[in-house]
Participant: 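One structure, pasted below without further comment.
Just so it is clear: chains get the letters A, B, ... in the order the sequence lines come, proteins before strands, and each one is counted from 1.
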Number of protein chains: 2
Amino acid sequence: MVRVGLTPERLARAGAELADEVGFEHVTVSELARRFDVKVASLYSHLRNSHELKTRIALLALEEVADRGAAALAGRAGKDALAAFADVYRDYAREHPGRYAAMQLRLTPEEAAASAGGRHAQMTRAILRGYDLAEPDQTHAVRLLGSVFHGYVDLELAGGFSHSAPDSQESWTRIVDALDALLRNWPASS
Amino acid sequence: MVRVGLTPERLARAGAELADEVGFEHVTVSELARRFDVKVASLYSHLRNSHELKTRIALLALEEVADRGAAALAGRAGKDALAAFADVYRDYAREHPGRYAAMQLRLTPEEAAASAGGRHAQMTRAILRGYDLAEPDQTHAVRLLGSVFHGYVDLELAGGFSHSAPDSQESWTRIVDALDALLRNWPASS
DNA sequence: CCATTTGCCTAAAAGCTTTAGGCGTGTGCA
DNA sequence: TGCACACGCCTAAAGCTTTTAGGCAAATGG
């Protein structure tokens, strides 16, 4: 009976890798146990239930994206920052589709509060410092940017933009251009 | 042994209602059988497997949204059409969260081709006729609109915008305003 | 070096998925 | 009207995942 040294954190990391390999919807406590060469019941000493595993993977992914975002934003401003941050989302989703799918998991308000979600919003606000937006327009813009990044990446991953011209990279670049233009000329409230 | 009159279509409809009630992730062939007061195995004469049920729900939802979109677009143009179409997405997701979640299901290229997804794209292009956009910018704009609608609704449903000012409706309105302004002043390619 | 905690184990119940094969009911053809 | 056949729902069963309960052995620390 060798002790493998399981911890919730190791399980979450392994779960994240599993998600990238087989898809988040196929992440299962049983499969994870198999990978650690351990009996399934053993994992339940570290995880309340299978949902906790999924939640931990989601939180892990949110942290990783936040870390990448922070790195990308360092020393950048304006459109430069906008484009870099946008690419963080897109690149992460392409590199780690399983983790990205995990990020879509609906968190409870408590889980959300404890997540890196707040950092995401803060970074988006930081980008907007390069533009001249007062509240409440700044919040509207934060929500718009979040929607576009999330929405575009999701549709792209769903295959929505493949096999049709122009290619997705070009749209992505032009959309970031368009967002930059929009933020510089945000329409006054009617 | 009363014949209930099961068909793939009826199962999909019932599955859609089930999804709205209990959440798409809890839609199961077993639960559906229970609702029809029929043994589980009986459903497998009408469905290849549980994934087919989910796919059929997704296709149903895509059709419903397309139908609503077509109705909303009739007799409208420009910003009016844009706002109406945007509301179709948002309202549908709020009325039918389970069906909306089903729409996120990744379809195979064949399934996607047979879906109402094409109608969605066509309608978005129809909206853009009210603006002056030549290719390839029109395609970029189609992708942007799809991203914003999908992304916003998804984040809203995830609870991202609740419990924080300004309220979501206001952001939605202002974002549609902003998109209208952007489409009227689409930046030239650098 | 022993006591306690900790970690992984066996065992078992319950639920979902899926396949195989059977039997009664309805339909259509004579 | 009667009969044959196809179809629709059934029973049975295997395999999988989740989750709980209780046990034994290995690590920890006094």
Participant: Would you tell me whether B:Arg143 and A:Ser164 have side-chain atoms, one donor and one acceptor, within less than 3.5 Å of each other?
Facilitator: yes
Participant: Taking atom C1' of D:dT18 as reference, at what distance in whole Å does atom CG of A:Leu11 sit?
Facilitator: 16 Å
Participant: In chain order, what residues pass the side-chain hydrogen bond (donor to acceptor under 3.5 Å, both in side chains) check against B:Glu135, with sequence neighbours excluded?
Facilitator: B:Arg125, B:Thr139
Participant: Do B:Glu25 and A:Lys54 pass the salt bridge (Lys or Arg N to Asp or Glu O under 4.0 Å) test, and can you show the C-alpha distance, the side-chain angles, and the key distance before you say yes or no?
Facilitator: CA-CA 13 Å; B:Glu25 68 279 14; A:Lys54 289 169 188 160; over 6 Å; no
Participant: Under 4.0 angstrom, heavy atoms only, what part of the nucleic acid is B:Val40 near: base, sugar-phosphate, or nothing?
Facilitator: base
Participant: Starting from C1' on D:dT17, measure out to OH on A:Tyr44 and report it in whole angstrom.
Facilitator: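 Result: 8 Å.
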Participant: Under 4.0 Å between a side-chain N/O of B:Ser45 and OP1 or OP2 of D:dC9, yes or no?
Facilitator: no
Participant: Please tell me if B:His46 has a side-chain N or O lying less than 4.0 Å from either OP1 or OP2 of D:dC9.
Facilitator: yes
Participant: Could you walk me through whether B:Glu9 and B:Arg13 pass the salt bridge (Lys or Arg N to Asp or Glu O under 4.0 Å) test, one step at a time?
Facilitator: CA-CA 6 Å; B:Glu9 290 70 29; B:Arg13 262 198 308 272; over 6 Å; no
Participant: If the cut-off is 4.0 Å, is B:Ser30 near the phosphate of C:dT17, judged by side-chain N/O to OP1 or OP2?
Facilitator: yes
Participant: Expressed as a whole number of angstroms, how long is the span from B:His51:NE2 to C:dC16:P?
Facilitator: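 Result: 19 Å.
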Participant: Are A:Ser50 and D:dT19 close enough that a side-chain N or O sits under 4.0 Å from OP1 or OP2?
Facilitator: yes
Participant: For the side chain of B:Val38, starting at C-beta, report the closest nucleotide among D:dA21, D:dC10, D:dT18.
Facilitator: D:dC10
Participant: How many Å lie between CG on A:Leu53 and C1' on D:dT17, as a whole number?
Facilitator: 13 Å
Participant: Respond yes when some side-chain nitrogen or oxygen of A:Ser42 is under 4.0 Å from OP1 or OP2 of C:dC9, and no when none is.
Facilitator: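 Answer yes for this pair, as a side-chain N or O of A:Ser42 is under 4.0 Å from OP1 or OP2.
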Participant: Which nucleotide in the list C:dC8, D:dT11, D:dT19 gets nearest to the side chain of B:Ala41?
Facilitator: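 Output: D:dT11.
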Participant: Whole angstrom is fine here: how far is it from NZ in A:Lys39 over to C1' in D:dT18?
Facilitator: 16 Å
Participant: Side chain of B:Thr28 only, heavy atoms from C-beta on: which candidate in C:dC8, D:dT20, C:dT17 is closest?
Facilitator: C:dT17
Participant: D:dC10 C1' sits how many Å from B:Leu43 CG, rounded?
Facilitator: 12 Å
Participant: B:Glu25 has an atom CD; how far is it from atom P of C:dC16, in whole Å?
Facilitator: 15 Å
Participant: List the atom of B:Arg174, the atom of A:Ser189, and the distance in Å for their closest heavy-atom pair.
Facilitator: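 Here B:Arg174 and A:Ser189 meet closest at NH2-N, 3.4 Å.
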Participant: Side-chain N or O of A:Arg3 less than 4.0 angstrom from OP1 or OP2 on C:dT5?
Facilitator: no
Participant: With a 4.0 Å cutoff (strictly under), does any side-chain N or O of A:His26 reach OP1 or OP2 of D:dT17?
Facilitator: no
Participant: Roughly how many Å is it from CG in A:Leu6 to C1' in D:dA27, rounded to a whole number?
Facilitator: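 After rounding, the reported distance stands at 15 Å.
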